[in-house]
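Computed over heavy atoms, backbone and side chain alike; hydrogens, waters and symmetry mates excluded. Given the structure is predicted, the values throughout are model-derived calculations rather than measurements.
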Amino acid sequence: MTGNAESRAAKLAASVLEIPAAPSKQLGRSSFEQALLLVLDGLASTAAQKAGIDPSAVWSNHANL
């Protein structure tokens with residue numbers, strides 16, 4: 001997953017998912033990180049649902065650092 005499908009790393013990857021994010025004044029391209037969080041949360045939620053995992057069971061394994 002990348003914000004730039006033409007990057008050197010993306011060209012080496014077997015598969016690429018480009019996640020476009022608008023330029024931001026936030027530090028560290030935070031708009032890309034926020035978009036990535038939404039995509040990955042959606043994927044995790046879908047995978048858990050398909051596997052029949054109860055959402056409350058996920059929280060029992062979640063760690064707060």
Report the residues that fulfil side chain to side chain contact (heavy atoms under 4.5 Å, CB included) with D41, sequence neighbours left out, ordered by chain and then residue number.
-> L37
Exercise answer: donor-acceptor pairs, residues 10-22 side-chain atoms, under 3.5 Å, sequence neighbours excluded:
none

Rounded to the nearest 0.5 Å, how far apart are OG of S45 and CD1 of I53?
-> 10.5 Å
Are any side-chain N or O atoms of T46 and backbone N or O atoms of L43, one a donor and one an acceptor, separated by less than 3.5 Å?
-> no
